[in-house]
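Data first, discussion second: the structure below is written as structure tokens.
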There are 2 protein chains.
Amino acid sequence: MADPREPAPSPAASLAEGIAARLRDQVTGGALVPGQRLSEARLAAELDISRNTLREVFRLLTREGILRHEPNRGVFVAVPSMASILDIYRVRRLIEVPALAQAWPGHAAVARMRAAVARATELQRIPDWRGVGSANMEFHAAIVALTDSPRLIQFFTQIIAELRLAFGLLDSPELLHRPYIPRNAEILARLEAGDPAGAARLLEDYLNQSERAVLEAFARLG
Amino acid sequence: MADPREPAPSPAASLAEGIAARLRDQVTGGALVPGQRLSEARLAAELDISRNTLREVFRLLTREGILRHEPNRGVFVAVPSMASILDIYRVRRLIEVPALAQAWPGHAAVARMRAAVARATELQRIPDWRGVGSANMEFHAAIVALTDSPRLIQFFTQIIAELRLAFGLLDSPELLHRPYIPRNAEILARLEAGDPAGAARLLEDYLNQSERAVLEAFARLG
DNA sequence: ATGATTATATTGTTGAACAAAGCATGATAA
DNA sequence: TTATCATGCTTTGTTCAACAATATAATCAT
């Protein structure tokens, strides 16, 4: 029997990847503050792994963009900047819009989109806004999955992780996530109605508005 | 004085990154055959580094897509497949064409494009077709640099590394690289003439034809 | 020859050790 | 007092040796 305290949602092929997943959640969940330094010795002891293994974890998360590595100084939780948010939304527009425009409404990923909308709607009632945010992200990851392009899918996964890091920094999660549930539902409906081009137009609006909201929330932080 | 046999072109912030650069060249240069297994112990001894450091190198190159890691089995030089080539060209179209279309002809990266064309033209006279290939890739990396998007630039760097791996697998490098020197020159001229849209159209043709040529060469291998 | 079982080699992970780089402290000189 | 430099401490970078876990190869029975 597995220890119920550690659900181990992913089989975690290697120990390093398992720890990486845990750390990733801690970062996107806000347990680790952006800019914070992660001491090798301390964290290794805390996680009960060796320094060498932790170093591998660091390499993984650094490549994902949620940690930053400064030679001979250590690793830090990445600090999202206005520039990075602009860049992220630019990449999102570039990838998501064509992905949706070329989509075949019968694609398997459409089911993922549907499930994501349903989950967001549920979590809204609790309410669990951070969860809603995750579900919304899953919706957009599914859009990229419509392309069947392994490289785009992997790249977008990183982008999403970075964006979640930025979200974690901001307050007012309700304002950031709630308005987009019906929008995602609309996009999905339009796609299922056999109008990918129309869905893509809606998506573009979505991204523009979301970007503006995020930047405003970011500006409020000073 | 540095050992002239090891030019160490990049300062190599860390030892691992330096070794990674060397290994990367060996792979894209064809010294290491796709599918070949890289033994940790043997390679570590050969490169005169520890197994742990070599492991870090492996992680770096695996993330770049030129090595493949199978748990508990080892790492192998990635084997380009027809599917991966299709995917790579799809990504190239998605990123490069809009990048060029939105370009400002006075951007600093235009100089890089110019330099790449010049270098390819020179190397053509030697002739050094592998070098011509590298220069052509540099041309397209410069196109992506027109976007000023750090994420796109980094992503595209990986894509290029993978494509070079595929090129290394194929024979007839002249056929694969020579026809594209004048095409790149044309694209550059059109951009400098203040017609980014026209340049983008040329680029799209370029990518379609290049993809076809690569796939044909790949099919000839069986 | 085929399938199961035992060796053997390789990877996964650890802990300790030392070198090298950065950081803090305090002494010295202007 | 302030600035500069020397010193020591802390942390990262890298190596080494060892053992556990897993896959590959070899052996043996049928």
Side-chain angles (χ1 to χ4, degrees), chain A residues 1-3 6 8-24 26-27 32-79, chain B residues 2-3 6 8 10-24 26-27 32-79:
Chain A
M1 296 290 154
D3 187 342
E6 299 239 347
S10 49
S14 86
L15 176 60
E17 288 190 33
I19 302 284
R22 264 170 61 187
L23 258 192
R24 194 183 301 121
Q26 288 191 29
V27 169
L32 294 174
V33 183
Q36 180 177 348
R37 169 136 173 268
L38 302 182
S39 158
E40 280 187 12
R42 211 164 55 80
L43 234 187
E46 198 172 309
L47 294 170
D48 199 39
I49 59 177
S50 85
R51 257 183 75 205
N52 283 325
T53 305
L54 181 58
R55 258 156 164 279
E56 270 188 27
V57 173
F58 282 168
R59 287 295 190 275
L60 292 178
L61 297 180
T62 297
R63 263 292 196 243
E64 286 181 26
I66 71 181
L67 295 186
R68 206 160 44 88
H69 174 93
E70 300 189 16
N72 288 317
R73 296 214 30 216
V75 305
F76 305 77
V77 179
V79 284
Chain B
D3 187 339
E6 299 238 347
S10 48
S14 88
L15 176 59
E17 289 190 32
I19 302 283
R22 263 169 62 186
L23 259 192
R24 193 183 302 120
Q26 287 191 31
V27 169
L32 294 174
V33 184
Q36 180 177 348
R37 172 141 170 266
L38 301 182
S39 159
E40 281 188 11
R42 211 163 55 79
L43 233 186
E46 198 171 310
L47 295 171
D48 198 39
I49 59 177
S50 85
R51 261 183 71 206
N52 282 327
T53 305
L54 182 58
R55 258 155 165 280
E56 269 187 29
V57 174
F58 281 168
R59 288 300 187 280
L60 291 178
L61 297 179
T62 298
R63 261 289 192 242
E64 286 181 25
I66 71 181
L67 295 185
R68 206 160 43 87
H69 173 94
E70 299 189 16
N72 289 316
R73 295 211 34 215
V75 305
F76 305 77
V77 180
V79 284

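Predicted model only: the values in this text are computed from it and were never measured.
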Practice task
Tell me which residues in residues 61-79 of chain A put a heavy atom below 4.0 Å from DNA chain C, sorted by number, or none.
Solution key: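 Those residues whose heavy atoms fall under 4.0 Å from DNA chain C, taken from residues 61-79 of chain A in numerical order, are Asn72(A), Arg73(A).
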Exercise for the section: Strictly below 4.0 Å, heavy-atom distances to any atom of DNA chain C: list the hits from residues 33-47 of chain A, or just say none. Expected result: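 DNA chain C contact set from residues 33-47 of chain A: none.
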Exercise for the section: May I ask you to decide if Arg73(B)'s main-chain N or O and Arg37(B)'s side chain share a donor-acceptor pair within less than 3.5 Å? Expected result: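 Pair found, side chain donor or acceptor close to backbone of Arg73(B).
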Practice task
May I ask you to decide if Ser14(A)'s main-chain N or O and Glu17(A)'s side chain share a donor-acceptor pair within less than 3.5 Å?
Solution key: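 No, the answer is negative, given that no donor and acceptor are paired below the 3.5 Å cut-off.
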Atom pairs under 3.5 Å, N or O on each side, protein against nucleotides 7-10 of chain D: can you list them with distances?
none

Problem - Straight-line distance of Leu61(A) CG to Arg68(A) CZ, nearest 0.5 Å - result: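 Between atom CG of Leu61(A) and atom CZ of Arg68(A) there are 14.5 Å.
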Handout entry: Interatomic distance, Leu38(B) atom CG to Gln26(B) atom CD [nearest 0.5 angstrom]
Key =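 It is 9.5 Å, given to the nearest 0.5 Å.
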Handout entry: Nucleotide interval of DNA chain C bounded by contacts with chain A (heavy-atom cut-off, under 4.0 Å)
Key =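 So the contact region on DNA chain C extends dT13(C) to dC23(C).
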Practice task
Write down the atom of Ala20(A), the atom of Leu60(A), and the distance for their closest heavy-atom approach.
Solution key: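 Taking every non-hydrogen atom into account, CB-CD1, 4.1 Å.
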Handout entry: Contact summary for Pro34(A) and Ala78(A), nearest pair of heavy atoms
Key =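 Heavy atoms of Pro34(A) and Ala78(A) come nearest at CB-O, 3.4 Å.
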Exercise for the section: In plain terms, say whether Arg63(B) and Glu64(A) are close enough for a salt bridge, that is, a side-chain N and a carboxylate O under 4.0 Å apart. Expected result: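 Counted as a salt bridge, because a side-chain N and a carboxylate O are separated by less than 4.0 Å.
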Practice task
Answer yes or no: does a side-chain N or O of Thr53(B) lie under 4.0 Å from OP1 or OP2 of dG13(D)?
Solution key: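 For Thr53(B), the contact criterion (side-chain N or O under 4.0 Å from OP1 or OP2 of dG13(D)) is not met.
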Length of the line joining [X]:[atom1] and [N]:[atom2], which is rounded to integer Å:
| X | N | atom1 | atom2 | value |
| --- | --- | --- | --- | --- |
| Arg55(B) | dG13(D) | CZ | P | 18 Å |
| Asp48(B) | dT14(D) | CG | P | 13 Å |
| Asn52(A) | dG13(D) | CG | P | 12 Å |

Determine whether [X] and [Y] make a side-chain contact, defined as any pair of heavy atoms from C-beta on separated by less than 4.5 Å.
| X | Y | answer |
| --- | --- | --- |
| Val77(A) | Leu67(A) | yes |
| Thr53(B) | Ile19(B) | no |
| Asn52(B) | Arg55(A) | no |
| His69(B) | Phe58(B) | no |
| Leu32(B) | Leu23(B) | yes |

Handout entry: Glu46(B): partners by side-chain contact (heavy atoms from CB on, under 4.5 Å), with sequence neighbours left out
Key =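 With sequence neighbours excluded, Glu46(B) shows a side-chain contact (heavy atoms from CB on, under 4.5 Å) to Arg42(B), given in chain and number order.
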Handout entry: End-to-end axis angle, where each axis spans five pairs of the helix from dA1(C)-dT30(D) to dA30(C)-dT1(D), to 10°
Key =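 Its terminal axes enclose an angle near 10°.
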Problem - Given Ile49(B), Val57(B), Leu54(B), the one that forms side-chain contact (heavy atoms from CB on, under 4.5 Å) with Leu43(B) - result: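 Answer to the side-chain contact (heavy atoms from CB on, under 4.5 Å) test with Leu43(B) among Ile49(B), Val57(B), Leu54(B): Leu54(B).
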